[in-house]
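Read the structure below first, then the notes.
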Amino acid sequence: MSNHQINPNKWIDSYSDYLFNYTISRVSDREIAQDLVQDTFLAGLKSMKNFKGEASERTWLISILKRKIIDYYRKINSNKGKAEVRINYKDSESEGDWLEERVADPFDKTAEDNLQNSELGDAIYNCLGKLPQKQAEVFKMKTILGHETEVICNELNITASNLWVIIHRARTAMADCLKENWF
Amino acid sequence: MPCEEANHVCDKTQYKDATLWEKIKLNIHLIYCRACREYTKGNTKLTRLFKKSEVECLDSQSKETMKRVFNKALHKQEQQN
């Protein structure tokens, strides 16, 4: 079944913030996160023909991003030192496996707080995805980036009262959307 | 203060953009207006959720840069196909 379409023209507008948020909670550096997201889009573009439409575009892009993040950690780890450590396993079957495979998965956040936070982040991004694009843009600039009203008005060429109308609509919609699970 | 203005001040308060006088007027309004109390409650909760989630997003400049690089690659790929 291929019921999902692929359209790279809309990728950055639709998914860049979501992917960035996903990345930054895992690499904690804005610049690196931005590079990883950029690489993900480019890699997605190259392997577009592999998109089978089984998952949504966003899920597909996230799966590419996950590889990118793992590769990033591999790279910085191999920069630290090339030593490989082999340890003894109890059974002969798993012999030859590497120590790295036995250490805790950095992506497996078990602390409840972290889990809840990433769920909340997902919920927020799902709700943001339902807002009209312009509304989402203004709301994100004001609420997440914390820009001053003036800065946003200048950048988007809107008036302050215009901005507040948009913010009001966005906040009402966001509160409605999050109400079910988070209020 | 009419309800519409009360909601507007309440929105501004979420971003610390309201003046002290506006906040006083809002609070007086909230004493007798149940609907606006509800709105304020939800609005404050939304602010708290955002703070708690620590969500991040790209600034417009980074997004523009990203678009430029991406569109170049997209264009190149379309020409090849």
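Labels below follow one simple rule: chain letters A, B, ... track the order of the sequence lines, proteins then strands, and each chain is numbered from 1.
Side-chain atoms of B/Leu58 and A/Lys140, non-hydrogen and from C-beta on, never get closer than 4.5 Å to each other. For the pair B/Phe50/A/Met174, a side-chain contact is recorded, criterion being any heavy-atom separation below 4.5 Å from C-beta on. A/Arg171 is listed as a side-chain neighbour of B/Thr47, based on a closest heavy-atom distance under 4.5 Å. Contact of the A/Tyr125 side chain with the B/Cys57 side chain is registered, since non-hydrogen atoms from C-beta on lie closer than 4.5 Å. Between B/Asp17 and A/Lys142 there is a side-chain heavy-atom pair separated by less than 4.5 Å.
Contact annotation for B/Glu54: both backbone and side-chain heavy atoms come within less than 4.5 Å of a heavy atom of chain A. Neither the backbone nor the side chain of B/Asn71 comes within contact range of chain A; no heavy atoms are under 4.5 Å apart. For a residue to count as touching a neighbouring chain, one of its non-hydrogen atoms must lie under 4.5 Å from one of that chain's; by this rule A/Glu155 touches chain B with the side chain only. For a residue to count as touching a neighbouring chain, one of its non-hydrogen atoms must lie under 4.5 Å from one of that chain's; by this rule B/Lys51 does not touch chain A. Proximity to chain B is limited to the side chain of A/Phe20, based on heavy atoms less than 4.5 angstrom apart.
In terms of heavy-atom pairs under 4.5 Å with chain A, the best-connected choice from B/Gln77, B/Met66, B/Lys12 is B/Met66. Counting heavy-atom pairs under 4.5 Å between each of A/Ile144, A/Asp176, A/Leu45, A/Leu120 and chain B puts A/Leu45 at the top. Per-residue heavy-atom pair counts under 4.5 Å with chain B were compared for A/Gly121, A/Ala123, A/Pro8, and the maximum is reached by A/Pro8.
Placement of A/Leu145 and A/Ile124 within a single hydrophobic cluster is found when ILVMFWY residues are connected by side-chain heavy-atom separations under 4.5 Å, directly or transitively. A/Ile167 and B/Leu26 end up in different hydrophobic clusters when Ile, Leu, Val, Met, Phe, Trp and Tyr side chains are linked at under 4.5 Å. If you chain together hydrophobic residues whose side chains sit under 4.5 Å apart, A/Val151 and A/Ile158 never meet in one group. When the side chains of ILVMFWY residues are joined at heavy-atom separations under 4.5 Å, either directly or via intervening members, B/Leu74 and A/Ile6 end up in a single hydrophobic cluster. Using a 4.5 Å cut-off between side-chain heavy atoms of Ile, Leu, Val, Met, Phe, Trp and Tyr, with links allowed through other members, A/Phe41 and A/Trp60 fall into the same hydrophobic cluster.
For B/Lys67 and A/Asp13, the salt-bridge test passes: some basic side-chain N is under 4.0 Å from an acidic carboxylate O. A salt bridge is defined here as a Lys NZ or Arg NE, NH1 or NH2 lying under 4.0 Å from an Asp or Glu carboxylate O, and B/Asp11 with A/Arg169 fails to meet this definition.
Rounding to the nearest 0.5 angstrom, the gap separating the CD atom in A/Gln34 from the OG1 atom in B/Thr65 is 6.5 Å.
Centroid-to-centroid, the aromatic rings of B/Tyr39 and A/His168 come within less than 6.0 Å.
A donor-acceptor contact shorter than 3.5 Å links the side chain of A/Asn21 to the backbone of B/Glu56.
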> side-chain hydrogen bond (donor to acceptor under 3.5 Å, both in side chains) between B/Tyr15 and A/Thr149: does it pass, once the steps are laid out?
Replying inline: CA-CA 10 Å; B/Tyr15 302 99; A/Thr149 304; over 6 Å; no
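Shown here is A/Asn157, whose CG atom has no more than 12 heavy atoms of other residues, nucleotides or ligands within 6.0 Å.
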